[in-house]
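Keep in mind that what you see is a predicted model, and the values were worked out from it rather than measured.
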Amino acid sequence: MNANRAALSIFILAMAGAIAMLSGCSNETPKTLTYAADIKPILDQHCVECHQAGGKGTEKSGLLLDSYAATMRGTKFGPVVIPGQAINSTLYRLTTGKADPSLRMPHDAKPLPEEVTNMLRDWIDQGAKEQ
């Protein structure tokens, strides 16, 4: 009976380990993202064309995305990044389509890839650090 119990315990531990590996569970600390290293290249590639001085996005909303300070300042309607709260941050909500679909950004372009929006989410949730 003890042998059966030991075998069952080993089986349960092995299954738990396999489930953890398959579900992507990890003890690794996620990479800390910064504006300078990770986010600015995304904004430069996908957003700054419209959200720079004289750009149609800036003219409409007042949002400049050409620097950390401008990104954190937000629009004439308020901030677009709430550090630690991606789900409440307009930048994340508009780039993922979690707001009115007619406002999805980038406007008039293909939606951003999920890995890009995930990076924006993680950066904001990590506190939206500059450096």
Could you check whether any side-chain heavy atom of Ile39 comes within less than 4.5 Å of a side-chain heavy atom of Leu120, counting everything from C-beta outward? yes

Value rounded to 0.5 Å, distance of CG in Asp66 from OG1 in Thr71: 7.5 Å

Are Met119 and Val81 joined in one hydrophobic group, where the rule is that I, L, V, M, F, W and Y side chains link up if heavy atoms are under 4.5 Å apart? yes

Using atom types as modelled and distance alone, determine if a side-chain donor or acceptor of Ser89 lies under 3.5 Å from a backbone N or O of Leu91. no

Are the side chain of Glu130 and the backbone of Ala69 linked by a donor-acceptor contact shorter than 3.5 Å? no

Could you tell me which non-hydrogen atom of Ser61 sits nearest to which non-hydrogen atom of Thr75, and how far apart they are? O-CB, 3.2 Å

Following the transitive rule for hydrophobic clusters with a side-chain heavy-atom cut-off under 4.5 Å over Ile, Leu, Val, Met, Phe, Trp and Tyr, establish whether Leu43 and Leu64 coincide in one cluster. no

Hydrophobic clustering (ILVMFWY, side-chain heavy atoms < 4.5 Å, transitive) - are Met72 and Ile87 grouped together? yes

Shortest non-hydrogen contact from Ala36 toward Pro41: O-CD, 3.9 Å

Partner of Leu65 under side-chain contact (heavy atoms from CB on, under 4.5 Å), chosen from His51, Glu49, Gln52, Met105: His51

Under 3.5 Å: donor-acceptor pair, side chain of Thr58, backbone of Gly54: no

Derivation of the side-chain contact (heavy atoms from CB on, under 4.5 Å) call for Asp38 and Lys31: CA-CA 11 Å; Asp38 305 292; Lys31 176 186 176 211; 2.7 Å; yes

Does Glu115, at its CD atom, have more than 12 non-hydrogen atoms belonging to other residues, nucleotides or ligands within less than 6.0 Å? yes

Approximate separation, where rounding is to 0.5 Å, of Arg121 CZ and Gln85 CD: 15.0 Å

NZ (Lys40) with more than 12 external heavy atoms under 6.0 Å: yes

Drop me the distance from Leu103's CG to Thr95's OG1, to the nearest 0.5 angstrom. 12.5 Å

To the nearest 0.5 Å, atom CG of Asn88 lies from atom OG1 of Thr90 at 9.0 Å

Geometric class of the Trp123/Tyr35 ring pair [parallel <30°, tilted 30-60°, perpendicular >60°]: tilted

Counting only heavy atoms not in Lys110, do more than 12 fall under 6.0 Å of its NZ? no

Give, for atom CG of Asp122 and atom OG1 of Thr117, the distance between the pair rounded to the nearest 0.5 Å. 9.5 Å

Would Ile124 end up clustered with Leu33 when hydrophobic side chains under 4.5 Å apart are linked, directly or stepwise? yes

Can you tell if the side chain of His46 reaches within under 4.5 Å of the side chain of Leu112, non-hydrogen atoms only? yes

What is the distance from atom CG of Asp100 to atom CZ of Arg93, rounded to the nearest 0.5 Å? 11.0 Å

With distance as the sole test, does Arg73 use its side chain to make a donor-acceptor pair with the main-chain N or O of Pro79 at under 3.5 Å? no

